[in-house]
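The structure appears right after this line, and notes come after that.
Note: hydrogens, waters and symmetry copies are ignored here, and every other heavy atom, side chains too, is used.
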Amino acid sequence: MTLACYACDPAQSRGRHYPQAPAPTRNEYQRDRDRIVHSTAFRRLVYKTQVFVNHEGDLFRTRLTHSLEVAQLGRSVARSLHLNEDLVEAIALAHDLGHTPFGHAGQDALNDCMGAFGGFEHNLQSLRVVDHLEERYPQFDGLNLTFETREGILKHCSRSHAQALALKEPGGVGQRFLDGSQPSLEAQLCNLADEIAYNAHDIDDGVRSGLITLEQLEAVALFDDFRREALAEYPFLQDAAQGRRLLYEATRRMLTAQVYDLITATTAALQAAAPASVAAVRQLPPLIQFGPAMRLQSQALKTFLLHQLYRHPQVMQTMGQAQRIVQELFNAYLDQPKEMGEGFMARAQAARSAADARSSGARVVADYIAGMTDRFAAREHERLTGCKLL
């Protein structure tokens with residue numbers, strides 16, 4: 001496929017921290033993707049919560065299946081827009097590598113624990129994973145990914161953390177959070193593909209769990225329009241026994257409509273802005289977008305899911321227990337670093353000689369906890385406290 005002039009070309013990549021000879025059969029972004037897929041952090045995503053903790057059911061989405069869905073959606077749109085599919089795939093597969101166990105509840109708990117030590121951001125943690133925490137190569141720590149993949153992974157970043165990144169890497173992946181510039185179109189696309197994917201699969205998981213119903217979803221125009229459309233074409237789906245097929249068909253149509261709207265609106269934005277290069281894209285407002293009507297409908301769906309699913313009493317109860325696990329693990333490891341694995345215990349001991357020893361030690365603990373799967377965190381908590389919460 002011919003790339004557009006504003007797409008990222010692997011031959012023009014800003015490169016890696018540690019220069020390496022080109023691979024004979026793969027471009028630089030394909031190489032990034034392969035390193036991500038083979039990483040330990042990627043495998044852990046299979047047991048990390050999306051909305052429902054792993055023990056609640058085998059068919060609910062996890063961070064791994066979510067990442068695969070984002071990659072599939074992203075590649076489909078990238079192909080239509082003549083963007084770089086390989087870069088989109090690499091970013092999508094890596095964007096949640098730094099997520100804690102127990103989803104956003106775990107992240108919020110760890111951020112609270114790290115409040116006095118610089119806080120915790122899962123996007124920044126994903127960058128730490130690929131830059132430092134993976135230990136696979138004799139020449140360097142991390143995966144030594146290209147600038148463009150690393151930039152896409154860092155979806156959000158506070159100004160203070162961006163300033164810290166800029167000190168270590170002037171003009172690097174943190175710079176855009178300081179000067180207001182934009183990332184590549186491939187990175188922008190992953191952001192919106194992420195939103196499309198989780199909105200759709202959270203409807204599916206929410207209905208499967210019984211916490212939300214098809215009747216409740218009638219209040220959500222973005223979903224209900226396609227539910228009614230599916231019923232008009234296939235009246236037999238009205239039968240209660242066909243509820244699962246109706247859910248799938250309505251969700252499929254909703255996804256399709258969002259993808260086509262994204263392609264149409266973005267194409268119009270690109271034609272109007274006419275960027276001639278990746279550098280030009282960075283100086284423009286975001287160009288990957290929904291049309292106005294779809295953006296409003298998508299926001300309404302997000303609001304519905306927030307109030308009816310994410311804040312459902314049953315979800316909140318489980319997440320409250322999960323937050324307690326993270327908080328008590330943090331305190332236990334901070335007081336007794338020897339309870340962590342050998343490698344992290346050694347890092348914690350080395351941190352004692354740092355000028356900010358307490359802060360450095362806390363960051364080691366945060367790295368350890370963020371890398372846990374749900375079930376390992378629950379098991380470790382029970383081992384250290386004698387209390388079984390999940």
Common cluster, [X]/[Y], ILVMFWY with side-chain heavy-atom separation under 4.5 Å:
| X | Y | result |
| --- | --- | --- |
| V77 | Y29 | no |
| L87 | L3 | no |
| L284 | V278 | no |
| L305 | L296 | no |
| Y18 | L165 | yes |

Compute whether any side-chain donor of one residue and acceptor of the other, for [X] and [Y], lie under 3.5 angstrom apart.
| X | Y | result |
| --- | --- | --- |
| D96 | S67 | no |
| H95 | N191 | no |
| Y137 | Q20 | no |
| Q216 | Q308 | yes |
| E328 | H381 | yes |
| E69 | H201 | no |

Where do [X] and [Y] come nearest, in terms of heavy atoms and distance?
| X | Y | value |
| --- | --- | --- |
| R61 | D204 | NH1-OD2, 2.7 Å |
| L133 | R347 | CD2-NH1, 3.6 Å |
| A378 | F102 | N-CZ, 4.3 Å |
| G74 | L189 | O-CD2, 3.5 Å |
| I325 | A377 | CG2-O, 3.8 Å |
| L73 | A193 | CD1-O, 3.9 Å |

Inset, instruction - Evaluate the criterion side-chain contact (heavy atoms from CB on, under 4.5 Å) for residue pair E89 and Q30; output intermediate values, then yes/no. - result: CA-CA 9 Å; E89 184 177 34; Q30 290 171 337; over 6 Å; no
Is there side-chain contact between [X] and [Y], with heavy atoms separated by less than 4.5 Å?
| X | Y | answer |
| --- | --- | --- |
| T62 | Y47 | no |
| K302 | Y310 | no |
| V326 | D112 | no |
| S76 | V259 | no |

Inset, instruction - Test Q175 against L178 for side-chain contact (heavy atoms from CB on, under 4.5 Å), laying out the working first. - result: CA-CA 5 Å; Q175 186 62 39; L178 301 177; 4.2 Å; yes
As an exercise, state the distance from [atom1] of [X] to [atom2] of [Y], rounded to the nearest 0.5 Å.
| X | Y | atom1 | atom2 | value |
| --- | --- | --- | --- | --- |
| N123 | S158 | CG | OG | 11.0 Å |
| L217 | T251 | CG | OG1 | 8.0 Å |
| L211 | L309 | CG | CG | 6.0 Å |
| E186 | Q188 | CD | CD | 9.0 Å |
| F226 | L246 | CZ | CG | 13.5 Å |
| I153 | C190 | CD1 | SG | 9.5 Å |

Within 6.0 angstrom of [X] [atom1], more than 12 heavy atoms from elsewhere:
| X | atom1 | value |
| --- | --- | --- |
| Q139 | CD | yes |
| Q163 | CD | yes |
| R245 | CZ | no |
| F376 | CZ | yes |

Legend entry - Result of checking R31, R79, R75 against D86 for salt bridge (charged side-chain N to carboxylate O under 4.0 Å, His left out): R75
Legend entry - Full working for side-chain contact (heavy atoms from CB on, under 4.5 Å) between Q258 and L222: CA-CA 9 Å; Q258 288 181 294; L222 181 57; 3.7 Å; yes
Inset, instruction - Apply side-chain contact (heavy atoms from CB on, under 4.5 Å) to L64 and F42, showing your working. - result: CA-CA 7 Å; L64 180 62; F42 184 73; 3.3 Å; yes
Inset, instruction - Check the angle between the aromatic planes of F330 and F117 and answer parallel, tilted or perpendicular using the 30° and 60° thresholds. - result: tilted
Inset, instruction - Give the ring-plane orientation class for Y368 versus F344, where under 30° counts as parallel, over 60° as perpendicular and anything between as tilted. - result: tilted
Decide, yes or no, whether a salt bridge links [X] with [Y] under the criterion of side-chain N to carboxylate O below 4.0 Å.
| X | Y | result |
| --- | --- | --- |
| D374 | R44 | no |
| R228 | D225 | yes |
| D179 | R282 | no |

Legend entry - Criterion side chain to side chain donor-acceptor pair (under 3.5 Å) on H66 and D194, from CA distance to verdict: CA-CA 8 Å; H66 164 69; D194 185 24; 2.7 Å; yes
Inset, instruction - Assess whether salt bridge (charged side-chain N to carboxylate O under 4.0 Å, His left out) is satisfied between R33 and E85, documenting all intermediate values. - result: CA-CA 11 Å; R33 174 204 60 206; E85 291 183 53; over 6 Å; no
Inset, instruction - Dump the intermediate steps for salt bridge (charged side-chain N to carboxylate O under 4.0 Å, His left out) on R379 and E382, then the final yes or no. - result: CA-CA 5 Å; R379 191 164 63 239; E382 185 178 0; over 6 Å; no
